Participant: 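A single structure is presented below for examination.
Just so we're clear, the structure is a prediction, and the values are computed from it rather than from any experiment. Counting starts at 1 for both ligands and their atoms, following the listed order. Scope of the values below: all heavy atoms of this structure, side chains included, with no hydrogens, waters or symmetry mates.
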Amino acid sequence: MGDDERAIERAVDLIGASNHAVVLVGAGLSAESGIPTFRGAGGLWTKVGEPSMNGYEQFLRDPIRWWEHQLSPEADPARTEFREAIDRAEPNAGHYALVSMEKLGVLKMTITQNVDNLHVRAGAVRLVEIHGNRTKVRCIGCEARWPREAFDYEELPPLCPECGSLVKGDTVMFGEPIPPSVIDACFRESAACDCMIVCGTSATVFPAASFPRMVKENGGTLIEVNPNPTPLSDMADVTLRGPTGELLPEVVKRLSYWTI
Ligand code: NAD
Ligand code: ZN
């Protein structure tokens with residue numbers, strides 16, 4: 001048995017023996033669907049620079065301007081290119097492997113930092129989208145969500161029919177608090193978690209980066225799936241060094257024997 005094979009077996013043992021396995025996902029899971037990550041080689045921010053760090057403040061100051069910018073494709077060609085990559089993307093073998101783990105009953109929750117809707121399209125049900133979902137809009141007052149097409153944008157800014165507050169894209173901006181129901185679910189799941197599988201995230205964006213650390217402090221185990229080392233690698237009980245689209249299906253194949 002090679003080292004890679006041994007690592008997969010060990011990951012399967014840890015997941016199979018767990019009571020509450022949770023996956024934490026980052027942009028790397030969608031890389032094989034053709035969506036660039038933000039950081040690193042080929043990353044969007046590496047190419048066009050980091051976005052403004054006070055996006056939410058700008059939105060609150062002038063929501064009409066923000067919406068006009070959103071609705072105009074010429075406003076920001078590089079980011080339009082990113083949006084078009086997401087529009088073309090299909091879920092990959094990694095997304096489907098996570099859904100299979102959910103169906104086997106071993107995966108209790110997926111916490112994703114991705115906003116691309118690919119988990120939903122692959123069939124995920126037990127899902128927390130910590131940075132929102134780009135196909136939706138959300139009320140900043142009562143946290144109601146709707147599909148983007150639910151509003152007509154003739155009159156800006158769109159307002160919540162329930163509470164009258166501003167409606168914005170569901171994607172969480174810099175400086176914007178994570179919506180309360182979402183952050184609560186993340187902490188509840190991480191507190192219950194005894195095995196966290198960290199897939200395709202550099203684990204540098206907080207609060208998501210704190211969840212694996214919390215699991216470790218509570219005596220749980222960590223499995224990392226990433227072709228590159230991250231600040232979490234030293235803490236991981238098992239590291240699967242490679243793309244999630246290749247390695248997660250290998251884990252699922254063996255897990256299905258385990259759970260028969
Ligand atoms: P990141 O860009 O900081 O890091 C990506 C990680 O993925 C790296 O560690 C890299 O080694 C790894 N990776 C690259 N290819 C991989 C593959 N095939 N399989 C597994 N791992 C692979 O991403 P992040 O940690 O998620 O943080 C960036 C933030 O940007 C997130 O908060 C997220 O909201 C957002 N984002 C979302 C999308 C999306 O929705 N698809 C895309 C880009 C960024
Ligand atoms: Zn509302």
Side-chain angles (χ1 to χ4, degrees), residues 23-48 50-51 79 81-83 85-95 97-98 111-122 128-135 137-146 150-151 157-174 176 178-179 181-182 186 197-209 211-212 223-233 236 239-249 251:
V23 171
L24 176 68
V25 172
L29 184 79
S30 292
E32 288 157 276
S33 293
I35 303 176
T37 57
F38 281 173
R39 300 176 182 80
L44 180 73
W45 294 348
T46 316
K47 235 164 62 185
V48 303
E50 300 226 343
R79 291 190 167 79
E81 194 183 309
F82 179 73
R83 284 193 206 120
I86 299 190
D87 287 337
R88 281 192 303 270
E90 297 289 334
N92 67 56
H95 296 98
L98 296 182
I111 300 176
T112 189
Q113 300 170 83
N114 295 348
V115 299
D116 54 28
N117 199 39
L118 293 182
H119 293 282
V120 177
R121 288 179 53 203
V128 183
E129 294 169 305
I130 185 169
H131 293 159
N133 180 318
R134 64 182 287 281
T135 69
V137 294
R138 167 171 45 86
C139 167
I140 65 168
C142 69
E143 224 189 291
R145 289 177 181 75
W146 303 267
F151 286 81
L159 297 177
C160 174
E162 309 293 328
C163 76
S165 303
L166 286 168
V167 169
K168 68 178 283 294
D170 185 35
T171 307
V172 174
M173 294 168 153
F174 278 108
E176 178 182 0
I178 309 252
S181 77
V182 174
C186 289
I197 312 159
V198 183
C199 295
T201 177
S202 56
T204 45
V205 180
F206 282 84
F211 306 147
I223 299 166
E224 180 173 67
V225 192
N226 196 313
N228 303 303
T230 75
L232 283 183
S233 301
T239 306
L240 305 183
R241 271 282 165 259
T244 38
E246 286 173 25
L247 294 174
L248 289 175
V251 170

Participant: Side chain of N114, backbone of D116: donor and acceptor closer than 3.5 Å?
Facilitator: no
Participant: With side chains defined as the heavy atoms from C-beta onward, is the minimum distance between I35 and L118 less than 4.5 Å?
Facilitator: yes
Participant: Decide yes or no for C160 and C142: does some side-chain heavy atom of the first lie under 4.5 Å from some side-chain heavy atom of the second?
Facilitator: yes
Participant: Under 3.5 Å, side chain of E32 to main-chain N/O of G245, donor-acceptor pair present?
Facilitator: yes
Participant: I need the contact type for A31 against ligand 1. Using non-hydrogen atoms and a strict under-4.0 Å cut-off, is it side chain, backbone, both or neither?
Facilitator: side chain
Participant: Could you tell me, atom by atom, which parts of ligand 1 come under 4.0 Å of a heavy atom of G26?
Facilitator: 26 (O)
Participant: Counting each atom of ligand 1 from 1 as listed, which ones have a heavy atom of V115 under 4.0 Å away?
Facilitator: 39 (C), 40 (O)
Participant: Could you walk me through whether R121 and E90 satisfy the side-chain contact (heavy atoms from CB on, under 4.5 Å) test, starting with their C-alpha distance in whole Å, then the side-chain angles of each, then the deciding distance to 0.1 Å, before giving a yes or no?
Facilitator: CA-CA 8 Å; R121 288 179 53 203; E90 297 289 334; 3.0 Å; yes
Participant: Out of all atoms in ligand 1, which are within 4.0 Å of some heavy atom of P243? Include the element for each.
Facilitator: 17 (C), 18 (N), 19 (N)
Participant: Listing by chain and number, which protein N, O or S atoms are under 2.8 Å from the Zn ion (ligand 2)?
Facilitator: C139 SG, C142 SG, C160 SG, C163 SG
Participant: So which of A85, S30, G28, P36 gets nearest to atom 42 (C) of ligand 1, if we judge by its closest heavy atom?
Facilitator: P36
Participant: If only side-chain N and O atoms count, and only distance matters, is there a donor-acceptor pair under 3.5 Å linking D170 with N133?
Facilitator: no
Participant: Rounded to the nearest 0.5 Å, what separation is found between the OG1 atom of T37 and the CG atom of L29?
Facilitator: 12.5 Å
Participant: For P227 and ligand 1, does the shortest N/O to N/O distance drop below 3.5 Å?
Facilitator: no
Participant: Show the atoms of ligand 1 that are less than 4.0 angstrom away from any heavy atom in N228.
Facilitator: 10 (C), 11 (O)
Participant: Assess whether side-chain contact (heavy atoms from CB on, under 4.5 Å) is satisfied between T112 and H131, documenting all intermediate values.
Facilitator: CA-CA 8 Å; T112 189; H131 293 159; over 6 Å; no
Participant: When only distance counts, is E32 in polar contact with ligand 1, meaning an N/O pair under 3.5 Å?
Facilitator: yes
Participant: Can you say whether the rings of F82 and F38 are parallel (under 30°), tilted (30 to 60°) or perpendicular (over 60°)?
Facilitator: tilted
Participant: Is it the side chain, the backbone, both or neither of C199 that has a heavy atom closer than 4.0 Å to ligand 1?
Facilitator: neither
Participant: Do G200 and ligand 1 have an N or O pair less than 3.5 Å apart?
Facilitator: yes
Participant: With heavy atoms under 4.0 Å as the rule, classify the contact between I35 and ligand 1 as side chain, backbone, both or neither.
Facilitator: side chain
Participant: Is T230 reaching over with its side chain to a backbone N or O of L232, donor-acceptor style, under 3.5 angstrom?
Facilitator: yes
Participant: Heavy-atom contacts under 4.0 Å between Q113 and ligand 1: side chain, backbone, both, or neither?
Facilitator: both
Participant: Is a donor on one side and an acceptor on the other found under 3.5 Å between the side chain of N226 and the backbone of S202?
Facilitator: no
Participant: Going by distance only, is there an N or O of A27 that falls short of 3.5 Å from an N or O of ligand 1?
Facilitator: yes
Participant: Between V198 and V225, is any pair of side-chain heavy atoms under 4.5 Å apart?
Facilitator: no
Participant: Polar-atom distance check: S202 versus ligand 1, any N or O pair below 3.5 Å?
Facilitator: yes
Participant: Go through the structure and list residues passing side chain to side chain contact (heavy atoms under 4.5 Å, CB included) with E143, not counting sequence neighbours.
Facilitator: R138, R145, P179, P180, S181, V182
